[in-house]
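Everything numeric here is computed off the predicted structure, so don't read it as measured data. Because only heavy atoms are used, hydrogens play no part in the values below, and waters and symmetry mates are left out as well, while side chains stay in.
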Amino acid sequence: MKKGELGKKILKGLFTAGAITFALSSPYFILNILKGINYNKYEKKRVAKTFYYLHRRGLINYRRKGKQIYISLTKRGKLYAQELQIDDLEIKRPKRWDKKWRILMFDIPYINRLVREALRGKLKELGFIQLQKSVWLYPFDCEKEFKILKTFFSLPGESFMLVVATKIPFEEEFKRKFGI
């Protein structure tokens, strides 16, 4: 595992689960949350150091209450975990196309052009095709990813919409472009 990767996995896990409670009855309580991570007996010290490092950087908080330890992300930790989630965002291509088109539209004012350009870049990275400056097309279900982008970029409902359509102009051309 590369340096920093363990910390990223811990942050993503905490972000996904929210606040987590651990019983101190086991001396390996920290390792219990890392079931999804392949670790060996030599990495236990590394895991403890990673938690300490995340706490020192202000990304996580932990407190004891009796025999319980409560670990949660700080506001800064949540923002960083969201960035990690955006970096890893990808849309899984199903085996069969459901014959529905996803049209993503946004209206982000010029004053927020950095957000607009970052969103456009991420849409290109995800494989969307630009129909107009703020209208994008994708053939597969992407509602989960749409919600993640909406939250990450703090876009209100009326400025960021996803429409599902069964017919679009030039459909055959777009089918070829998407390889369906």
Side-chain angles (χ1 to χ4, degrees), residues 1-20 33 36-37 50 54 57-61 71-180:
M1 197 178 302
K2 294 178 185 174
K3 187 176 182 176
E5 202 170 310
L6 181 59
K8 289 177 182 178
K9 286 187 179 198
I10 290 171
L11 286 172
K12 285 180 191 176
L14 288 171
F15 183 71
T16 302
I20 300 178
I33 70 161
I37 299 173
T50 302
L54 294 173
R57 279 191 59 202
L59 299 174
I60 64 170
N61 282 326
I71 298 176
S72 60
L73 290 171
T74 62
K75 191 173 186 174
R76 183 175 167 204
K78 286 178 186 174
L79 288 172
Y80 186 64
Q82 281 182 327
E83 287 175 21
L84 294 175
Q85 189 179 23
I86 288 294
D87 289 345
D88 293 345
L89 193 62
E90 64 180 53
I91 301 171
K92 303 281 188 234
R93 185 179 177 131
K95 290 181 182 177
R96 298 183 90 196
W97 180 46
D98 63 1
K99 296 183 181 358
K100 293 180 184 175
W101 295 97
R102 280 65 180 188
I103 303 166
L104 193 146
M105 299 177 280
F106 59 88
D107 184 17
I108 300 172
Y110 180 76
I111 196 154
N112 295 330
R113 66 184 170 275
L114 292 177
V115 170
R116 189 176 59 212
E117 292 307 317
L119 178 60
R120 281 186 185 141
K122 191 61 186 179
L123 292 174
K124 285 178 188 175
E125 186 182 306
L126 289 170
F128 281 77
I129 291 178
Q130 189 174 22
L131 299 176
Q132 293 181 3
K133 280 283 187 187
S134 60
V135 180
W136 295 75
L137 182 68
Y138 199 73
F140 307 112
D141 184 28
C142 57
E143 194 165 340
K144 182 182 84 174
E145 294 79 7
F146 168 79
K147 288 177 181 175
I148 290 170
L149 290 169
K150 187 174 188 169
T151 301
F152 180 76
F153 289 109
S154 301
L155 299 170
E158 65 276 0
S159 69
F160 194 55
M161 293 184 279
L162 182 66
V163 176
V164 180
T166 54
K167 283 260 183 224
I168 59 168
F170 311 107
E171 188 167 338
E172 292 305 315
E173 181 183 331
F174 287 115
K175 281 182 181 178
R176 276 192 305 280
K177 285 183 178 183
F178 283 107
I180 52 176

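The shortest heavy-atom contact between L126 and L89 is CD2-O, 3.4 Å. The shortest non-hydrogen separation linking C142 to I91 is CB-CD1, 3.6 Å. Closest approach of D98 to P139, counting heavy atoms only: OD1-O, 3.9 Å. W101 and T166 make their closest contact through CD1-O, 4.2 Å (heavy atoms, listed as atom of the first residue, atom of the second, distance). Scanning both residues, L162 and E143, for their nearest heavy atoms gives CD2-CA, 4.0 Å.
Between E145 and E90 there is no side-chain heavy-atom pair separated by less than 4.5 Å. For the pair L59/R76, a side-chain contact is recorded, criterion being any heavy-atom separation below 4.5 Å from C-beta on. Within the 4.5 Å cutoff, the side chain of I103 has heavy atoms near those of the V135 side chain. The closest side-chain heavy-atom distance from R96 to P94 is not below 4.5 Å. By the 4.5 Å heavy-atom criterion applied to side chains, E117 and N112 are not counted as neighbours. The shortest side-chain heavy-atom distance between R116 and K133 does not fall under the 4.5 Å cut-off. Two residues are said to be in side-chain contact when any heavy atoms from C-beta on lie closer than 4.5 Å; F106 and L119 meet this criterion. Looking at W97 and F178, their side chains never come closer than 4.5 Å, going by heavy atoms from C-beta outward.
Pairs of residues two or more places apart, or lying in two chains, that qualify as ring-ring contact (aromatic ring centres under 6.0 Å, His included) and include a residue from residues 150-175 are F146-F160.
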List the steps and the verdict of side chain to side chain contact (heavy atoms under 4.5 Å, CB included) for K92 and F140.
CA-CA 8 Å; K92 303 281 188 234; F140 307 112; over 6 Å; no
Tell me, with the steps shown, if T74 and I60 meet side chain to side chain contact (heavy atoms under 4.5 Å, CB included).
CA-CA 5 Å; T74 62; I60 64 170; 5.6 Å; no
For side chain to side chain contact (heavy atoms under 4.5 Å, CB included), just list the numbers for R120 and I108, CA-CA rounded to whole Å, side-chain angles, deciding distance to a tenth of an Å, and then say yes or no.
CA-CA 11 Å; R120 281 186 185 141; I108 300 172; over 6 Å; no
Could you give me the CA-CA distance, side-chain angles and deciding distance for I129 and K177, then say whether side chain to side chain contact (heavy atoms under 4.5 Å, CB included) is met?
CA-CA 9 Å; I129 291 178; K177 285 183 178 183; 3.7 Å; yes
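Under the 6.0 Å distance and 45° angle rule, R57 counts as a cation-pi partner of Y80.
K175 and E173 are not joined by a salt bridge, as no carboxylate oxygen comes within less than 4.0 angstrom of a charged side-chain nitrogen.
In this structure, the side chain of Q130 engages the main chain of Q132 through a donor-acceptor pair within 3.5 Å.
With sequence neighbours excluded, no residue forms a salt bridge (Lys or Arg N to Asp or Glu O under 4.0 Å) with K150.
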